[in-house]
Amino acid sequence: NLTYNSLINGLCQKGKMEDAIIFLEKCKFQGFNPDVYTYGVIIEGFCKKDEIQKGKKLFNELVNKNMEANSFIYNTLIRAYSKNGDITEAVKLFNEMKSKGIQLSSVTYSSLIHGYSNNGYLDDAKRLINEMRDDGLSPDVVCYTALIGGYCKTGQMEKVLTTLEEMSSYDIHPNKITYTVMIDGYCKLGQTEVAVKVLGEMEQKGVVPDVVTYNALADGFSKEGKIEEAFRLFNDMSRRGVDLD
RNA sequence: UCUAUACGAGUCU
């Protein structure tokens, strides 16, 4: 089974979903019974290509076979629906996990927080952070960064600051992505001076900016016509050698 | 306290 699954996984990773399905059928013909892992891999493959309906169809197939989807599969679907703006469906799956007693994790929460956040439901996103604690989980930097991203997108920078304070009270430290989200947020609001200040803070804390951080700033400068600044940034970047990852 | 799915957050396109 492991062999079948890894072959199918290989195809899915490459986005060759048609081939994966054909291969799956052939395997079935040879007496292979797809298991939860098989389904997981294929569902993820479809979700990555934004073909959620096909993923959901397999999910239903799995359920009809009296197998239980694992948290990987739920998380994958919740994330896909969230990304697609279909919060209703994401929440439905989230609740289903709860009622079936499937282990929720910070991945589950962050996926949904991201969904709420990106669709403007910031109160719900915030609520989930608290709910996590009630569930005995600790929101991590990813959860907080997703929330901060929502505040940035809606221009609620005061809330970004209070969120940072909350994080620090729990001893959760903003990372490269958290800072980049904020820098991008300020840039998009036309406040590149503040963005530069955030970059300074970031470096002071020993968090190293990467190419995405610089791109966010560069984009901000160019939209404000700050060519000089953009060049300075560019020099800065090549002088220090930027981490790619 | 090992157990097969690069499960979650950022820029530009």
Side-chain angles (χ1 to χ4, degrees), chain A residues 1-15 20 34-48 55 58-59 62 69-83 90 93-94 97 102-118 125 128-129 132 137 139-153 160 163 167 172-188 192 195 198-199 202 207-223 230 233 237 242-245:
Chain A
N1 236 357
L2 244 170
T3 316
Y4 283 115
N5 284 344
S6 39
L7 287 172
I8 293 171
N9 186 29
L11 293 171
C12 291
Q13 295 294 343
K14 287 185 189 151
D35 60 16
V36 206
Y37 284 97
T38 324
Y39 279 103
V41 168
I42 301 179
I43 290 171
E44 189 198 25
F46 278 126
C47 286
K48 277 190 178 152
L58 286 165
F59 175 86
L62 172 116
N70 58 20
S71 52
F72 176 91
I73 294 178
Y74 274 101
N75 292 343
T76 301
L77 283 169
I78 288 173
R79 168 162 187 263
Y81 280 120
S82 289
K83 205 178 123 203
L93 289 167
F94 180 83
M97 279 180 92
I102 296 166
Q103 185 76 349
L104 305 176
S105 68
S106 48
V107 174
T108 318
Y109 275 97
S110 71
S111 302
L112 194 55
I113 289 170
H114 185 222
Y116 277 133
S117 232
N118 263 335
L128 273 188
I129 297 255
M132 274 183 90
L137 290 169
D140 60 15
V141 66
V142 177
C143 294
Y144 275 109
T145 302
L147 178 65
I148 287 177
Y151 288 137
C152 285
K153 218 175 201 177
V160 170
T163 305
M167 285 171 72
I172 298 165
H173 302 283
N175 62 18
K176 182 169 74 179
I177 299 184
T178 319
Y179 283 114
T180 304
V181 169
M182 292 175 58
I183 288 171
D184 181 54
Y186 282 116
C187 284
K188 292 238 157 70
T192 48
V198 175
L199 178 69
M202 170 178 185
V207 180
V208 182
D210 67 8
V211 64
V212 178
T213 317
Y214 282 110
N215 277 344
L217 255 180
D219 189 59
F221 285 141
S222 79
K223 286 194 171 122
L233 182 74
M237 197 167 78
V242 174
D243 283 11
L244 307 164
D245 65 3

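Predicted model only: the values in this text are computed from it and were never measured. Chain A is the first sequence line, chain B the second, and so forth, proteins listed ahead of strands; every chain is numbered from 1.
Here the OG1 atom belonging to Thr108(A) is positioned 9.5 Å from the CD1 atom belonging to Ile102(A), to the nearest 0.5 angstrom. Note that CE of Met97(A) and CG of Leu93(A) are 9.0 Å apart. Values are rounded to the nearest 0.5 Å.
Between the C1' atom of U11(B) and the CD1 atom of Ile148(A) lies a distance of 17 Å, rounded to the nearest Å. Summarising the geometry, the separation between CG on Leu217(A) and P on U11(B) is reported as 13 Å, rounded to the nearest angstrom. Between the CG atom of Asn75(A) and the P atom of G8(B) there is a distance of 9 Å, given to the nearest Å. Spacing between atom CD1 of Ile42(A) and atom P of C7(B) amounts to 17 Å, rounded to whole angstrom units. A straight line from CD1 of Ile129(A) to P of G8(B) spans 18 Å, rounded to a whole angstrom. Rounding to whole angstrom units, CD1 of residue Ile73(A) and P of G8(B) are separated by 15 Å. Spacing between atom NE2 of His114(A) and atom P of A9(B) amounts to 6 Å, rounded to whole angstrom units. Distance CG (Asp35(A)) to C1' (U3(B)): 14 Å, rounded to an integer number of Å.
The base of G10(B) sits within donor-acceptor range of the side chain of Thr180(A), with an N or O pair under 3.5 Å. A donor N or O paired with an acceptor N or O is not found under 3.5 Å between the base of G10(B) and the side-chain atoms of Asn215(A). Asn70(A) contributes a side-chain N or O that forms a donor-acceptor pair with the base of U5(B) under 3.5 Å.
At the heavy-atom level, Thr213(A) lies under 4.0 Å from base atoms of the strands shown. Among the atoms of the strands shown, only primed sugar atoms or phosphate atoms (P, OP1, OP2) are found under 4.0 Å from some heavy atom of Val181(A). Nucleic acid contact for Cys12(A): none, since no nucleic acid atom lies under 4.0 Å from a heavy atom of the residue. Within 4.0 Å (heavy atoms only), Lys188(A) reaches sugar-phosphate atoms of the nucleic acid but no base atom. At a threshold of 4.0 angstrom between heavy atoms, the contacts of Asn9(A) are confined to the sugar-phosphate backbone, with no base atom among them. Residue-level contact check: Gly149(A) touches neither bases nor backbone, having no heavy atom under 4.0 Å from any strand. Using a 4.0 Å heavy-atom cutoff across all strands shown, Ser105(A) reaches no nucleic acid atom at all.
With a 4.5 Å cut-off on side-chain heavy atoms, Cys47(A) and Leu77(A) count as touching.
Set against U5(B), G10(B), A9(B), the side chain of Val142(A) has A9(B) as its closest nucleotide. If you check G10(B), G8(B), A9(B) against the side chain of Asp184(A), the one that comes closest is G10(B). Side-chain atoms of Asp219(A) lie closest to U11(B) of the nucleotides U11(B), G10(B), G8(B). In this structure, of U5(B), U11(B), A9(B), it is U11(B) that holds the atom nearest to the side chain of Val212(A). If you check G8(B), U11(B), C7(B) against the side chain of Thr76(A), the one that comes closest is C7(B). Ranking G10(B), A9(B), G8(B) by closeness to the Asn175(A) side chain, first place goes to A9(B).
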>> Assess the residue pair Asn175(A) and Thr178(A) against the criterion (side-chain hydrogen bond (donor to acceptor under 3.5 Å, both in side chains)); give the C-alpha distance rounded to whole Å, side-chain angles, the decisive distance to 0.1 Å, and a yes or no.
In response: CA-CA 5 Å; Asn175(A) 62 18; Thr178(A) 319; 2.9 Å; yes
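Distances shown here put every side-chain N or O of Lys153(A) at or beyond 4.0 Å from the OP1 or OP2 atom of U11(B).
Side-chain contact annotation: Asp35(A) with Thr38(A), donor-acceptor N/O pair under 3.5 Å present.
Every residue two or more places apart in sequence or in another chain that forms a ring-ring contact (aromatic ring centres under 6.0 Å, His included) with Phe94(A) is listed here: Tyr109(A).
One P atom belongs to C7(B), the other to U3(B), and the distance between them is 13 Å to the nearest Å.
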